[in-house]
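Before I ask anything, here is the structure I am working with.
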2 protein chains.
Amino acid sequence: MSANTPAVKPVPTESPRERKRRETRQRIAEAAQRLFLANGYEGTTLDAIAAEAGISRRTFFSYFKSKDDIILFWRDVDSASLYADLLRTSPDVPPLDAVRDVMVKHIERYTTEQMTAVDNLMRSSEALLTRKQAYYAQQEQVLFDTLCEVWRQPERRAALRMVAMVSIGAMRLALQAWREQSGQRKPAASFLRDAFDSLKSEL
Amino acid sequence: MSANTPAVKPVPTESPRERKRRETRQRIAEAAQRLFLANGYEGTTLDAIAAEAGISRRTFFSYFKSKDDIILFWRDVDSASLYADLLRTSPDVPPLDAVRDVMVKHIERYTTEQMTAVDNLMRSSEALLTRKQAYYAQQEQVLFDTLCEVWRQPERRAALRMVAMVSIGAMRLALQAWREQSGQRKPAASFLRDAFDSLKSEL
DNA sequence: ATTATAAGTTGCACTAAGTGCATAAATTAA
DNA sequence: TTAATTTATGCACTTAGTGCAACTTATAAT
């Protein structure tokens, strides 16, 4: 529940203490990422991460509550910008279209290399795969909350729940289709558009 | 991936060895369930489960590959019957309606007590919650495969993927709504029906 | 500046999950 | 009965994660 603090942008009033804490957290996440990519998730121990980040093993646990929490750190960082975008959209646009546009725009920022690297990492461990699925569920909740911020009519809440569910689902299926295509020639964004299109036509 | 063997019904040709293995697996699952309900998930060690089931700790791992795999055992047992039902439906019915009917029928078999017990168990541990989410993703895949068995036209596969995603999602949201209602007066099945209804109307 | 107070860091000991390996016991096949 | 193959178990080991107490560093108060 009390997940990762999503790496807030440097708030005007940030005490030196908070700054150092944020930097250390970042440093640990970066160290872990390097090691994960080099040796895989299972092949990287907390001792190694702590050493690479220049802290003690025990201190690690005052920054992340578990090993796989590090993964969420990165995802939180970039999904935060997605929700920020969404908050800026007008309530006149249909929610599903708004989400689609924001997601497409968001996914286009990543190169194929970045995406495959993350993807391979995720697939390197059963535990991470599991965690990724749980992450989607969590994002569905966050997306729903964000949608409620923009489209505030209480009578639409049920619909917004469906929109959130269906959008995260479309995203998941799109990424899956993108991953499974041989050669990865089509960009992920186009799979995402297709997924939203079939949502409308097939239901 | 290579998950639990879903507790196959006694196949005509079952060697004594296979029978004993199946029974032991069952016994472990039952022992674990008793202990989980009594002491919570985290409060139950593998040593305790092994003792309760009358096997050694080491032997446990030749029946389940991890502690939380035990949970999947039960879910697999009862979801198997759902898919069996689905396989018996006619390809003339729209897939989404077929899934809804089968799911509703399936959920009606459980009493409120059974459902709340399982639900409380799931919520007793972060790890189980995570596992449950991952389980939904797995079920989505199984449902999709089953749908493909019934509606065999290749050109419908994309639609069936959506149907699977949306159905599991509706189920999830329905159970969530059911859980969150105060007092649990309305049965879960009616939430499920509502969820499928809003799917069609809200999209 | 000095001291009190709180926050952050670390080591140590401990629990519990999970794996590899070698050996013993039990089944099935010959 | 004996040989071969599974299955069960004990043992040692690794790793994640937690509680606690000592120590160090930063912030606040006098």
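Numbered from 1 within each chain, the chains take letters A, B, ... in sequence-line order.
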**Request:** Between D:dG17, C:dA6, C:dG18, spot the one nearest the side chain of A:Ser66, thanks.
**Result:**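 Per side-chain heavy atoms of A:Ser66, the pick is D:dG17.
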**Request:** Quick one: closest heavy-atom pair of B:Arg157 and B:Cys148, and the distance?
**Result:**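 Answer, listing the atom of B:Arg157 first, then B:Cys148: NH1-SG, 3.7 Å.
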**Message:** Could you tell me how far apart B:Asp47 (CG) and C:dG18 (P) are, to the nearest whole angstrom?
**Reply:**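 Atom-to-atom, B:Asp47 to C:dG18, this comes out as 12 Å.
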**Prompt:** What is the distance, rounded to the nearest whole Å, between atom CZ of A:Phe61 and atom C1' of C:dG8?
**Reply:**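 Value for this atom pair: 17 Å.
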**Prompt:** Is the closest basic N to carboxylate O distance between B:Glu23 and B:Arg19 below 4.0 Å?
**Reply:**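 Yes, this pair counts.
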**Request:** Quickly work out the A:Glu23 CD to C:dT9 C1' distance and round it to whole Å.
**Result:**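 That distance rounds to 17 Å.
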**Whole-Å gap separating C1' (D:dG17) and NZ (A:Lys67)** =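 My rounded result for the distance is 12 Å.
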**Asked** Which one, C:dA17, D:dT5, C:dG8, comes nearest to the side chain of A:Arg17?
**Response**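 Nearest to the side-chain atoms of A:Arg17, counting from C-beta on, is C:dG8.
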**Item:** Upstream residue (5' side of DNA chain C) when B:Lys20 and B:Glu42 are each assigned their closest nucleotide
**Value:**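 Of the two residues, B:Glu42 wins.
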**Message:** Under the ring pair (Phe, Tyr, Trp, His ring centres under 6.0 Å) definition, can you give me all pairs with a residue in residues 23-54 of chain A, not counting sequence neighbours?
**Reply:** A:Phe36-A:Tyr41
**Item:** Whole angstrom value for the distance that separates C1' of D:dA26 from CD of A:Glu18
**Value:** 13 Å
**Which nucleotide in D:dG17, C:dT9, C:dG11 has an atom nearest any side-chain atom of A:Tyr63** =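 The answer is C:dT9.
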**Message:** Given D:dA8, C:dA6, C:dA17, identify the nucleotide with an atom nearest to the side chain of B:Ser62.
**Reply:** D:dA8
**Request:** Measure from CD on B:Glu126 to C1' on D:dT18 and round the result to the nearest Å.
**Result:**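 Roughly 16 Å, once rounded to whole Å.
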**Asked** Quick one: do A:Lys132 and A:Asp68 make a salt bridge, cutoff under 4.0 Å?
**Response**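 Not counted as a salt bridge, because no side-chain N and carboxylate O are separated by less than 4.0 Å.
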**Request:** Would you kindly give the CZ-to-P distance between A:Arg19 and D:dT27, to the nearest whole Å?
**Result:**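 A:Arg19 atom CZ is separated from D:dT27 atom P by 10 Å.
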**Message:** Among C:dT9, C:dA7, D:dT9, which nucleotide has an atom closest to any side-chain atom of A:Thr59?
**Reply:** C:dT9
**Prompt:** For A:Arg21, which contact category applies under a 4.0 Å heavy-atom criterion: base, sugar-phosphate, or nothing?
**Reply:**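 If one applies the 4.0 Å heavy-atom cut-off, A:Arg21 turns out to touch the sugar-phosphate alone, with no base involved.
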**Request:** For A:Thr45, answer base if it contacts any base atom (sugar-phosphate contacts may also be present), sugar-phosphate if it contacts only those atoms, and nothing otherwise; contact means non-hydrogen atoms under 4.0 Å.
**Result:** sugar-phosphate
**Item:** A:Phe64 six-ring face occupied by A:Arg25 cation (under 6.0 Å, within 45°)
**Value:** yes
**Message:** Once you apply a heavy-atom cut-off of 4.0 Å, does B:Thr24 come out as touching a base, just sugar-phosphate, or nothing?
**Reply:** nothing
**Message:** Could you tell me how far apart B:Ile70 (CD1) and C:dA17 (P) are, to the nearest whole angstrom?
**Reply:** 10 Å
**Message:** Counting only side-chain heavy atoms from C-beta out, which of D:dA16, D:dT5, C:dT10 sits nearest to A:Arg57?
**Reply:** D:dA16
**Complete:** Out of C:dA16, D:dG10, C:dC12, minimum distance to the side chain of A:Arg58 belongs to C:dC12
